[in-house]
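Here's the structure, in structure tokens; my notes come after.
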Amino acid sequence: MAIRDILVYPDKRLRQQAKPVTEFNEELTTLVADMAETMYAAPGIGLAAVQVDVPLRVVVMDLSDERDSLRVFINPEIEPLEGTQEYDEGCLSVPGVFATVERVERVRIRYRDVEGNAYEEEADGLLSVCIQHEVDHLDGKVFVDYLSRMKQDRVRRKLLKELKQAQAA
Ligand code: GNR
Ligand code: NI
């Protein structure tokens, strides 16, 4: 297992459109293990493969307080069901920035596990917010995209400045 580097906004590679997984092999198992290790180390509650520069439709997540309930979603698909909810979102690719985003409240999730078994479940609350946030990553989207242009510019400038300071150090 290995911790992988997480891309930081406004890195263009975060705009990659991820492709569905077609082979449920050892390479996939290694990717999932590395993503889990990277998410736990960050620490974060979710991670999409695009964030570690792998354009495949793979998501890991752990919403438990104990950090002992890893969930893996391969080729996740979301069907909006009902309602809307607002949540103060953060993102490992947008460090230090939090902003309220409106999402669908209740969704149906269809996905596969690392072995290729198919599942379907309904979600609301944090699971619903998080899977919508992660599937956005797989489509090249970041939560900052939902903010006003002014706020987007502010976030971009802040992170580019921090990047330059880190490079100078
Ligand atoms: O760790 C994370 N926390 C979080 C908080 C509110 C809404 C979404 C998230 S996901 C984020 C990890 C991440 O960047 N996943 O892509
Ligand atoms: Ni994110």
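Just so you know, ligand 1 is whichever comes first in the structure, and atom 1 is the first atom listed for that ligand. Note that the structure is a prediction, hence the values are computed from the model and not measured.
- In this structure a side-chain-to-backbone donor-acceptor pair under 3.5 Å is missing from Asp124 to Arg106.
- The N, O or S atom of His133 with the smallest distance to the Ni ion (ligand 2) is NE2.
- Phe143 pairs by the ring pair (Phe, Tyr, Trp, His ring centres under 6.0 Å) definition with nothing, not counting sequence neighbours.
- The NE2 atom of His137, the Ni ion (ligand 2) and the SG atom of Cys91 define an angle of 100° (nearest 10 degrees).
- Between His133 and Tyr87 the shortest side-chain heavy-atom distance does not fall below 4.5 Å.
- In this structure, the side chains of Leu31 and Arg4 come closer than 4.5 Å at one or more pairs of heavy atoms.
- Of the N and O atoms on the side chains of Ser93 and Gln51, at least one donor lies less than 3.5 Å from an acceptor on the other residue.
- Every protein residue with a heavy atom nearer than 4.0 Å to ligand 1 is included here: Gly44, Ile45, Gly46, Gln51, Tyr87, Asp88, Glu89, Gly90, Cys91, Leu92, His133, Glu134, His137.
- Of the possible polar contacts, none joining the Asp136 side chain to the Val142 backbone as a donor-acceptor pair under 3.5 Å is found.
- Under a 3.5 Å cut-off, the side chain of Gln152 and the backbone N or O of Leu147 do form a donor-acceptor pair.
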